[in-house]
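Letters A, B, ... mirror the listed sequences (proteins, then strands); counts begin at 1. Predicted model only: the values in this text are computed from it and were never measured.
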2 protein chains.
Amino acid sequence: METQNVSDMIEQYLKNILQEHQHIEIRRAEIAQQFDVVPSQINYVIKTRFTIQNGYLVESKRGGGGYIRIAKVRLLEDNQVLDLLIAAIGTTVSQHDAIAVVQSLFEDKLISPREAGLILATIDKDTLRIHDTQTENAMRARILIGILNRLRFKS
Amino acid sequence: METQNVSDMIEQYLKNILQEHQHIEIRRAEIAQQFDVVPSQINYVIKTRFTIQNGYLVESKRGGGGYIRIAKVRLLEDNQVLDLLIAAIGTTVSQHDAIAVVQSLFEDKLISPREAGLILATIDKDTLRIHDTQTENAMRARILIGILNRLRFKS
DNA sequence: ATCACTTTGACTAATCCTGACTTTATTATC
DNA sequence: GATAATAAAGTCAGGATTAGTCAAAGTGAT
């Protein structure tokens with residue numbers, strides 16, 4: 001078995017609940033108290049173990065009646081295409097290369113023509129409007145990878 | 001759903017009525033009394049939950065016979081509403097407000113759930129990953145307005 | 001000894017709720 | 001009509017209640 005540190009235990013606790021419920025809503029302070037850790041450790045557990053790549057969506061609200069909500073989504077079984085594209089993009093991508101990526105997504109029928117248009121609008125040079133080319137390409141890479149990770153979701 | 005502060009309840013109450021009526025007219029003091037809160041909390045609820053980003057227009061009158069009128073509108077229905085929305089976004093928009101806009105587009109059936117997800121991925125704070133909030137919000141505004149204009153002309 | 005991962009807590013940010021004060025519109029009185 | 005009284009809604013700042021961020025310290029496996 002694994003060495004059960006507290007983060008692992010909290011992860012297990014939450015994932016057990018998520019096996020029976022589509023989503024859960026917690027109060028950070030409550031869970032922290034339950035496991036006798038500081039509240040910010042809950043953030044750590046969520047950030048390291050409930051990522052989008054693993055199929056979890058997290059939303060939260062602060063203030064009175066605040067909460068953290070974690071939802072489990074179904075992922076496509078075969079996302080090798082997405083993995084390859086993400087690896088190819090890395091941390092920076094030109095508009096030219098990005099268009100090629102969108103094109104290939106379209107050809108693989110991973111996105112509709114309309115979705116392709118929307119994506120192209122977001123990564124367009126005129127939309128980003130960043131003067132420094134390096135910064136622009138880095139931003140474009142992050143956006144495109146965000147989209148690719150989204151495409152892992154089953155609809 | 002589970003979270004229930006008074007503001008959420010007031011919001012729900014008003015939105016329920018608005019599902020059956022195009023617009024409603026309330027007396028601030030009456031609603032406040034009904035929910036046992038101070039009258040200014042009604043302003044708070046309206047300011048945070050019935051914005052143009054959420055797809056609502058609000059007008060009011062003070063003095064004797066005063067009222068607050070809330071109307072549900074469709075964002076791309078006429079250019080006036082869209083212009084109001086674009087003006088409200090201006091050159092900077094928080095993630096919170098941007099999500100409200102995407103939610104409204106979805107509710108008006110101008111985008112599919114999948115498209116909503118893709119758009120949300122692009123404007124996500126973790127996707128943009130800009131340390132300076134002002135710069136982040138400015139980038140988000142450009143992306144969102146780019147999408148709005150695209151929807152305006154292509155659909 | 002190093003390196004990645006975990007744990008902590010001080011500080012920050014968002015949201016809710018309240019109440020004192022302000023502004024605007026209508027109605028009553030002179 | 002002009003002015004005063006009344007009847008609304010609006011603004012704003014502060015306290016309370018949550019969650020988020022970040023960097024430093026601790027832990028354990030190699």
Produce a footprint string for nucleotides 14-20 of chain C: one letter per nucleotide, 5' end first; B if the base is under 4.0 Å from any protein heavy atom, S if only the sugar-phosphate is, - if neither.
BBBSBB-

Nearest whole angstrom, please: distance from the P of C/dC5 to the CD1 of A/I46.
19 Å

Listing, residues 135-142 of chain B side-chain donor-acceptor contacts under 3.5 Å, not counting sequence neighbours, or none:
from: B/T135; atom 1: OG1; to: B/D132; atom 2: OD2; distance (Å): 2.5
from: B/E136; atom 1: OE2; to: B/R140; atom 2: NH1; distance (Å): 3.3
from: B/E136; atom 1: OE2; to: B/R140; atom 2: NH2; distance (Å): 2.6
from: B/N137; atom 1: OD1; to: B/R140; atom 2: NH1; distance (Å): 2.9
from: B/R140; atom 1: NE; to: B/I123; atom 2: O; distance (Å): 2.8
from: B/R140; atom 1: NH1; to: B/V93; atom 2: O; distance (Å): 3.1
from: B/R140; atom 1: NH2; to: B/I123; atom 2: O; distance (Å): 3.2
from: B/R142; atom 1: NE; to: A/T127; atom 2: O; distance (Å): 3.1
from: B/R142; atom 1: NE; to: A/L128; atom 2: O; distance (Å): 3.0
from: B/R142; atom 1: NH2; to: A/L128; atom 2: O; distance (Å): 2.6

Can you list every pair that meets ring pair (Phe, Tyr, Trp, His ring centres under 6.0 Å) and has a residue in residues 39-85 of chain B, with sequence neighbours left out?
B/F50-B/Y56

Of B/A29 and B/D126, whose nearest nucleotide on DNA chain D comes first from the 5' end?
B/A29

Rounded distance in Å - CD1 (B/I26) to C1' (D/dG10):
13 Å

Test question: given the 4.5 Å side-chain rule for I, L, V, M, F, W and Y, name all other residues clustered with A/L84, or answer none.
none

Indicate, with a heavy-atom threshold strictly under 4.0 Å, whether A/I42 touches base, sugar-phosphate, or nothing.
nothing

Atom-pair distance (CG on B/N43; P on D/dT11), nearest Å
7 Å

What integer distance in Å separates B/R28:CZ from C/dA25:C1'?
14 Å

From CD of B/Q33 across to P of D/dA8 the rounded distance in Å is 12 Å

Under 4.0 Å between any heavy atoms, over every strand shown, what does B/K125 touch: base, sugar-phosphate, or nothing? Just pick one.
sugar-phosphate

Salt bridge (Lys or Arg N to Asp or Glu O under 4.0 Å): pairs with one or both residues in residues 55-64 of chain B, sequence neighbours excluded:
B/E59-B/R69

Worked check of side chain to side chain contact (heavy atoms under 4.5 Å, CB included) between B/I10 and B/Q34:
CA-CA 10 Å; B/I10 297 170; B/Q34 202 169 320; over 6 Å; no

Counting N and O atoms only, with roles assigned by atom type, does the side chain of B/S104 sit under 3.5 Å from a partner on the main chain of B/Q53, one being a donor and the other an acceptor?
yes

What is the separation between atom CZ on B/R129 and atom P on D/dC22, rounded to the nearest whole Å?
12 Å

For the pair made of CZ in B/R69 and P in D/dA9, what is the distance, rounded to whole Å?
13 Å

Could you pick out which residue, B/K47 or A/S60, lies toward the 5' side of DNA chain D when each is mapped onto its nearest nucleotide?
B/K47

Tell me the salt bridge (Lys or Arg N to Asp or Glu O under 4.0 Å) pairs involving residues 81-90 of chain A, sequence neighbours left out?
A/D83-A/R152

To the nearest Å, give me how far apart CD (A/E30) and P (D/dT17) are.
15 Å

For D/dA9, does OP1 or OP2 lie under 4.0 Å from any side-chain N or O of B/R27?
no

